[in-house]
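All heavy atoms count here, side chains included; hydrogens, waters and symmetry mates do not. Remember, predicted model here, so these are calculated numbers, not experimental data. Numbers here simply count residues along the sequence, with the first being 1.
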Amino acid sequence: MKRRHVLLGTLGLGAAGVWMKRPQTLPGGGHSDYFRGLSALLHGEKLARPTMIVDLDRVDHNIAELQKHLGDKAYRVVAKSIPVPGLIDYVMQQSGSNRLMVFHQPFLNQIAIDNPGADLLLGKPMPVTAAARFYEQLQPGVFNPETQLQWLVDSPQRLAQYAELASGLQTAMRINVEIDVGLHRGGLTDPAELVGMLRVIEKHPQLSFAGLMGYDPHVAHAPPVLGLAEREFGKVQSRYRAMLDALYSTLPAARDADLVFNAAGSPTFRNWTHVHGIANEVAAGSALVKALDFDIPNLDTHQPALFFATPVLKKQPGMAMPIVAQIGAAQQLWDPNREQTFFVYGGYWKARPVSPPGLVTNAVYGHSTNQEMLNGSAAVELDVDDYVFYRPTQSEFVMLQFGDVLAVRQGRIEAVWPVLPQVA
């Protein structure tokens, strides 16, 4: 056989191999019964715009699943993950908890109005100017920050700032100390540093020690090999215990005090179910609505409860690209999921289309917050004025982008809820 023939044959086999690796056609079709029902609901309400939906039946299911794993610990609702006053109220009522974790000063001011009986813990250390603004904007009412609010402090420097603010305002401030249990996103790592801060708090007439907070979501993302997750969670407990030992050695009366030792988050609250003598409460919010980033083993029994829908504005056959038309033709030839093109109302969200199945974004065409391009195979059943449904990758920011949220139950609207304000 001539060398030329061998070379051509090899090239032919290589090209065939590359062609075999082209994308497979994704499952297509139309909406499932669930999304068909939501689509009919939106059409009936004439909501021809991007609209956020929370399914209360699924939220109920998720609350029940969370409560199965609380063990002897209290539950603190993470407000930033469900930043809708009506939904926060609903979750508090259904879960029986009056504890909230808050991450944003305007949210804090609004929640003090909406939930005057709540016990509030800051979920991140706020700049002292934000803390001062909270007091400036605080409206007179039942809520008493001296007994119902814990400020989170992550360093001796920030503690000094808060001490100065408390003295200037002549108001009592409860201090919860952030400890680093392995995430390495700030907080104390040295028990001796905690001892020094405890001494400062003890001597200050306006400050009181309220507890510790250690956040450990990294455990859920440890590689599932060689028992790394189990070993890391063991280290998390050891780090937390070291801080508790320093606390009790410095302030023996703390053993019998009503203090908050907060731990976990949606990815890891199950890990703490049978751990005793460290955390006395766990926090979770995203587990209640299960955005895409929370499709993890620890939440395998939870149901997605948050979607948004947006109308299709335009439908085109094939895959047309500006400037160099051949790029579109090449994409369509290579990827069978480029046989149809759709442009939807809005776009570039932290989300992925989930219904009808088979829709994909187009990185070559690019994203648009005005009219996002989606592509699909010929099997995708979708027309102009139909709705595309998305699942957010996370809830906390995406829920704030659509205005009022529709709370649905069994395919009917039970409530229409505004979101928390971004300014105060």
Side-chain angles (χ1 to χ4, degrees), residues 74-154 158-159 161-178 201 206-211 213 215 258-260 262 265 281-286 288 395-397 399-400 403-405 407 415 417-424:
Y75 169 49
R76 189 172 293 274
V77 184
V78 178
K80 75 174 175 62
S81 302
I82 50 170
V84 180
L87 183 55
I88 292 171
D89 292 345
Y90 182 83
V91 170
M92 292 175 69
Q93 180 180 0
Q94 294 298 107
S95 67
S97 174
N98 76 325
R99 304 182 185 210
L100 294 175
M101 183 176 283
V102 189
F103 291 74
H104 188 40
Q105 176 260 313
F107 291 2
L108 184 61
N109 282 94
Q110 187 63 46
I111 288 172
I113 297 171
D114 295 340
N115 305 95
D119 177 276
L120 305 185
L121 168 63
L122 268 294
K124 63 186 176 188
M126 303 297 291
V128 70
T129 51
R133 185 171 178 82
F134 163 76
Y135 289 104
E136 291 172 5
Q137 300 293 321
L138 182 64
Q139 297 185 14
V142 178
F143 182 79
N144 181 3
E146 293 193 348
T147 59
Q148 294 175 249
L149 174 61
Q150 299 174 53
W151 294 101
L152 190 68
V153 170
D154 61 329
R158 199 179 303 275
L159 178 61
Q161 292 177 328
Y162 275 62
E164 184 178 353
L165 176 64
S167 296
L169 296 176
Q170 283 297 293
T171 188
M173 297 178 71
R174 301 165 72 210
I175 303 298
N176 193 296
V177 179
E178 182 180 18
I201 294 170
Q206 272 84 41
L207 300 184
S208 61
F209 176 71
M213 187 186 81
Y215 184 44
D258 184 16
L259 301 174
V260 167
N262 181 272
E281 71 167 32
V282 293
S286 295
L288 307 178
S395 59
E396 57 199 59
F397 176 67
M399 288 189 78
L400 299 171
D404 291 350
V405 174
W417 289 326
V419 298
L420 282 167
Q422 289 280 42
V423 294

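Between F134 and W151, the angle of the ring planes goes over 60°, which puts this pair in the perpendicular group of the 30/60° scheme.
The side-chain hydrogen bond (donor to acceptor under 3.5 Å, both in side chains) test applied to D404 returns no partner, not counting sequence neighbours. With sequence neighbours left out, E178 forms a side-chain hydrogen bond (donor to acceptor under 3.5 Å, both in side chains) with no residue at all.
In this structure, CE in M173 is found 4.0 Å from OH in Y135, a value given to the nearest 0.5 Å. In this structure, CG in N109 is found 11.5 Å from CG in L420, a value given to the nearest 0.5 Å. Summarising the geometry, atom OH belonging to Y215 is positioned 13.0 Å from atom CG belonging to L152; distances are rounded to the nearest 0.5 Å. Taking CZ from R99 and CG from N262, the interatomic distance works out to 9.0 Å, rounded to the nearest 0.5 Å. Here CZ of F209 is found 6.0 Å from CG of L259. Values are rounded to the nearest 0.5 Å. Distance check, rounded to the nearest 0.5 Å: OH of Y90 to OG of S95 gives 10.5 Å.
You'll find the side chain of V260 reaches within 4.5 Å of the side chain of E281, heavy atoms only. Looking only at side-chain heavy atoms (C-beta outward), P125 and V153 stay at 4.5 Å or farther from each other. Within the 4.5 Å cutoff, the side chain of L100 has heavy atoms near those of the M92 side chain. Proximity of T171 to P145: side-chain heavy atoms (C-beta onward) are nowhere separated by under 4.5 Å. In this structure, the side chains of L207 and L159 come closer than 4.5 Å at one or more pairs of heavy atoms. Between E164 and Q161, every side-chain heavy-atom pair lies at or beyond the 4.5 Å cut-off.
Remark: side-chain polar atoms of Q148 are paired, donor with acceptor, to backbone N or O of A118 under 3.5 angstrom. Between the side chain of R76 and the backbone N or O of V282 there is no donor-acceptor pair closer than 3.5 Å. In this structure, S395 contributes its side chain and S81 its backbone to a donor-acceptor pair below 3.5 Å. Counting only distance, with no hydrogens or angles, the side chain of N176 and the backbone of L122 share no donor-acceptor pair below 3.5 Å. Distance alone, capped at 3.5 Å, places no donor-acceptor pair between the Y75 side chain and the G96 backbone.
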Set out, in order, the CA-CA distance, both residues' side-chain angles and the distance that settles side-chain contact (heavy atoms from CB on, under 4.5 Å) for L149 and F143, then state yes or no.
CA-CA 9 Å; L149 174 61; F143 182 79; 4.2 Å; yes
Step by step, would you call K80 with M101 a side-chain contact (heavy atoms from CB on, under 4.5 Å)?
CA-CA 8 Å; K80 75 174 175 62; M101 183 176 283; over 6 Å; no
For the pair D119 and Q150, evaluate side-chain contact (heavy atoms from CB on, under 4.5 Å) and give the outcome as yes or no after the intermediate values.
CA-CA 8 Å; D119 177 276; Q150 299 174 53; 3.9 Å; yes
Quick one: do F103 and M126 satisfy side-chain contact (heavy atoms from CB on, under 4.5 Å)? Show the steps, please.
CA-CA 8 Å; F103 291 74; M126 303 297 291; over 6 Å; no
Under the side chain to side chain donor-acceptor pair (under 3.5 Å) criterion, do D89 and Q93 qualify, and how do the steps go?
CA-CA 6 Å; D89 292 345; Q93 180 180 0; over 6 Å; no
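When all heavy atoms are compared, the tightest approach of R174 to A210 is CB-CB, 4.0 Å.
The local environment of CZ in F397 is sparse, with at most 12 non-hydrogen atoms from other residues, nucleotides or ligands closer than 6.0 Å. Other residues, nucleotides and ligands contribute over 12 non-hydrogen atoms within 6.0 Å of the CD atom of Q170.
The residue from I82, N98, L87, N115 that alone fulfils the side-chain contact (heavy atoms from CB on, under 4.5 Å) condition with V77 is I82.
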